[in-house]
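Encoded as structure tokens, the structure appears first; notes follow it.
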Amino acid sequence: MLIFIDSANIEEIKEIHEMGFLSGVTTNPTLVAKEKKGYHQVIRDICAIVDGPVSAEVLSGDYCSMMEEAKILAGLHPNVVVKIPVCSEGLKTVAKLAGLGIKTNATLVFSANQALLAARAGASYVSPFIGRIDDVSHEGINLLADIISIFQQGKIKTQIISASVRHPGHVLASSKLGAHISTIPFNVIKQIIFHPQTEEGIARFKRDWEAAVNN
Ligand code: G3P
């Protein structure tokens, strides 16, 4: 499973990128809005740091405007993947963009059937929002498992991104199930890196070595 960061913050992305395990970035309008910079500038800045797919979402809701926006976003950098919400207008946009060779990430996926339609329409990626499903007392991981099984049976090439990740358990479960990608917020990546026993072990090795040297 590849690791993406779900962030539009340049400092967070740089810090994680320097550790060498990052394969891509996803953003959404909420994350970009937090940066208080121009939408396109944020996407360009991210593409300058990470050499991998960078998802940038359209803001409009009708086919013609989504197409217009998608072409502009895709023109910002060759690594841009246009994020399109799964709805009637969105699916039409995904299909048209696929025909033009523009990569899409079908987003706001809350059912396996939505994921199947998006894949059949030609989406390069689908993003089931597992954390938001947990928020309403269902099991987001079950949705991910259903999509993986359906795509495997249909030999569907669309990449599955476990999205709306809230804690390290989501990442582990996504990886065990066989998701292609997990897009993880900065704070959850930091939680994964940290282990109290690793910290304790580092301190103990240092203590023991210094005690030996000083005797
Ligand atoms: O990639 C999905 C993400 O952008 C939404 O996450 O935490 O707002 O549910 P969240």
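FYI, side chains are in, hydrogens and waters are out, and symmetry mates aren't considered; it's all heavy atoms of this structure. Ligands are counted one by one from 1 in listed order, and the atoms in each one are counted from 1 as well. Being a predicted model, the structure only gives us computed values, none of them experimental.
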Hey, are S60 and S65 close enough side-chain-wise for a donor-acceptor pair under 3.5 Å?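 Per modelled atom types, S65 and S60 side chains form no pair under 3.5 Å.
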Cut-off 3.5 Å, side chains only: do Q41 and D45 have a donor facing an acceptor?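 Their side chains do contain a donor-acceptor pair, which is all the 3.5 Å distance test asks for.
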Evaluation steps, side-chain hydrogen bond (donor to acceptor under 3.5 Å, both in side chains), between T26 and T183: CA-CA 7 Å; T26 56; T183 188; 2.5 Å; yes
Among all protein heavy atoms, pick the one closest to [atom] and tell me residue, atom and distance.
atom: atom 6 (O) of ligand 1; value: S164 CA, 3.5 Å
atom: atom 8 (O) of ligand 1; value: R132 NH2, 2.8 Å
atom: atom 4 (O) of ligand 1; value: N28 ND2, 2.5 Å

Around atom NZ of K37, are there more than 12 heavy atoms from other residues, nucleotides or ligands closer than 6.0 Å?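 Result for NZ/K37: enclosed.
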Among E57, R166, K83, which residue places a heavy atom closest to atom 10 (P) of ligand 1?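 Answer by nearest heavy atom: R166.
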Which of the atoms of ligand 1 are close to T183, meaning less than 4.0 Å from one of its heavy atoms?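 Checking each atom against T183, I get 1 (O).
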Quick check on contacts: which atoms of ligand 1 are under 4.0 angstrom from a heavy atom of A163?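 That gives atoms 1 (O), 2 (C) of ligand 1.
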Can you confirm, on distance only, whether ligand 1 has an N/O atom lying under 3.5 Å from any N/O atom belonging to D6?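 Yes; the residue has a nitrogen or oxygen that sits under 3.5 Å from a nitrogen or oxygen of the ligand.
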Trace of the side-chain hydrogen bond (donor to acceptor under 3.5 Å, both in side chains) decision for S149 with D146: CA-CA 5 Å; S149 148; D146 282 348; 6.0 Å; no
Look at E200 together with R204 and state whether they make a salt bridge at an N to O cut-off of under 4.0 Å.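 Looking at E200 and R204, the cut-off is met.
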